[in-house]
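Only one structure is covered here, and it is reproduced in the block below.
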Protein chains: 2
Amino acid sequence: MSDLNQHFPLVVRQLRKDRGWSQEHLAEKADLNRSYVGEIERGDAIPSLLTAEKLAQALEINLSTLVAQCEQA
Amino acid sequence: MSDLNQHFPLVVRQLRKDRGWSQEHLAEKADLNRSYVGEIERGDAIPSLLTAEKLAQALEINLSTLVAQCEQA
DNA sequence: CTGTGACTGTCAGTCCGTA
DNA sequence: GTACGGACTGACAGTCACA
């Protein structure tokens, strides 16, 4: 079982870095708190499906694409 | 887009029905509470990413596949 | 008698404001 | 970028009602 929860933080951080964004910029685009984005990227917090979708939208990809990247990581 | 949360309950219920399972049987396979599965299918509860993955595993599909179905619904 | 909806109360964890 | 404290909610156990 590819542990999605382990990969999710890493993939989010990776995609954010690819775009050259700060946590703050991502947080603003996702309509989330900037400290919470930090917790997610560190794996300290597991987001709800709603929050995960906000992050995907902010990263300008489908949530299914984001999840798929976690699965094949 | 924004209505993944609207489709998610319906897709889960659909897939469960396709397999001819009761909420209780799905709950057992997903290691979740029966009444909570009911709440999710009614849209009364929004699952976390972890819970969504448990449901996907119980339904014997990838979470990315499950999410993709919600997006194209 | 099985499957589901609905409503409590409880607790861990998410989420945010502030530093 | 992280750390901390409080508010909010995901998740569960238990129960009753309805088909």
Side-chain angles (χ1 to χ4, degrees), chain A residues 1-64 66-67 69-71 73, chain B residues 1-64 66-67 69-71 73:
Chain A
M1 298 284 112
S2 59
D3 236 358
L4 180 135
N5 347 299
Q6 280 186 330
H7 296 314
F8 189 81
L10 305 175
V11 171
V12 169
R13 175 163 287 179
Q14 171 89 45
L15 292 173
R16 177 175 63 79
K17 295 267 184 191
D18 286 351
R19 286 153 179 75
W21 295 346
S22 65
Q23 286 186 346
E24 181 165 14
H25 184 69
L26 175 60
E28 264 179 32
K29 289 203 61 152
D31 191 28
L32 290 172
N33 191 278
R34 127 178 109 79
S35 64
Y36 186 53
V37 171
E39 288 176 21
I40 291 176
E41 286 192 359
R42 270 179 290 129
D44 278 4
I46 295 176
S48 72
L49 212 57
L50 192 62
T51 306
E53 194 196 10
K54 281 187 186 176
L55 284 169
Q57 279 182 244
L59 291 165
E60 295 161 2
I61 60 176
N62 289 331
L63 179 56
S64 58
L66 175 56
V67 171
Q69 291 211 20
C70 300
E71 284 167 350
Chain B
M1 228 84 60
S2 50
D3 42 21
L4 183 146
N5 354 295
Q6 284 183 332
H7 294 314
F8 190 81
L10 304 175
V11 171
V12 169
R13 172 162 292 179
Q14 172 88 45
L15 292 173
R16 179 177 62 79
K17 294 269 187 191
D18 286 350
R19 286 154 179 74
W21 295 347
S22 66
Q23 286 184 348
E24 184 164 12
H25 185 233
L26 175 60
E28 269 180 27
K29 286 203 66 153
D31 192 27
L32 291 172
N33 189 279
R34 205 262 327 160
S35 59
Y36 186 52
V37 170
E39 286 174 18
I40 291 176
E41 288 193 357
R42 267 179 287 129
D44 278 4
I46 296 177
S48 71
L49 213 58
L50 191 62
T51 306
E53 194 195 12
K54 281 188 187 176
L55 283 170
Q57 280 181 245
L59 291 166
E60 294 160 4
I61 60 176
N62 289 330
L63 179 56
S64 58
L66 176 56
V67 171
Q69 292 211 19
C70 300
E71 284 166 349

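Just so we're on the same page: letters track the sequence lines, and every chain starts at 1.
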Inset, instruction - Output, in order, the C-alpha distance, side-chain angles, deciding distance and verdict of side chain to side chain contact (heavy atoms under 4.5 Å, CB included) for Glu71(A) and His7(A). - result: CA-CA 8 Å; Glu71(A) 284 167 350; His7(A) 296 314; over 6 Å; no
Inset, instruction - Round to a whole Å and report the spacing from CZ of Arg13(B) to P of dG3(C). - result: 14 Å
Inset, instruction - Under 3.5 Å for both distances, Watson-Crick or G-U wobble, that's the pair rule; now give the dot-bracket for DNA chain C, with | marking pairs to another strand and [ ] for crossing ones. - result: .||||||||||||||||||
Legend entry - Spatial distance of atom CD1 (Ile46(B)) from atom OG1 (Thr51(B)) [nearest 0.5 Å]: 12.0 Å
Inset, instruction - Taking only Lys NZ, Arg NE, NH1 and NH2, and the carboxylate oxygens of Asp or Glu, determine whether Glu60(A) and Lys29(A) approach each other closer than 4.0 Å. - result: yes
Inset, instruction - Enter the distance from Leu49(A):CG to Cys70(B):SG here, rounded to the nearest 0.5 Å. - result: 7.5 Å
Legend entry - Contact pattern, 5' to 3', of nucleotides 10-17 of chain D - B, S or - by protein heavy atom under 4.0 Å: SBSBBB--
Inset, instruction - For the pair Leu32(A) and Leu26(A), evaluate side chain to side chain contact (heavy atoms under 4.5 Å, CB included) and give the outcome as yes or no after the intermediate values. - result: CA-CA 8 Å; Leu32(A) 290 172; Leu26(A) 175 60; over 6 Å; no
Inset, instruction - Mind checking the CD1-OG spacing from Ile40(B) to Ser35(B)? Nearest 0.5 Å is all I need. - result: 10.0 Å
Inset, instruction - Inspect the contact between Arg16(B) and Glu41(B) and indicate whether a charged nitrogen and a carboxylate oxygen are less than 4.0 angstrom apart. - result: yes
Inset, instruction - Write down the distance between CD (Glu41(B)) and P (dT4(C)), rounded to a whole number of angstrom. - result: 7 Å
Inset, instruction - Measure from CZ on Arg42(A) to P on dG1(D) and round the result to the nearest Å. - result: 11 Å
Legend entry - Phosphate-side-chain proximity, Gln23(A) and dT2(D), N/O vs OP1/OP2 below 4.0 Å: yes
Legend entry - Trp21(A)/Leu15(A) under side chain to side chain contact (heavy atoms under 4.5 Å, CB included): CA gap, chis, key distance, verdict: CA-CA 9 Å; Trp21(A) 295 346; Leu15(A) 292 173; over 6 Å; no
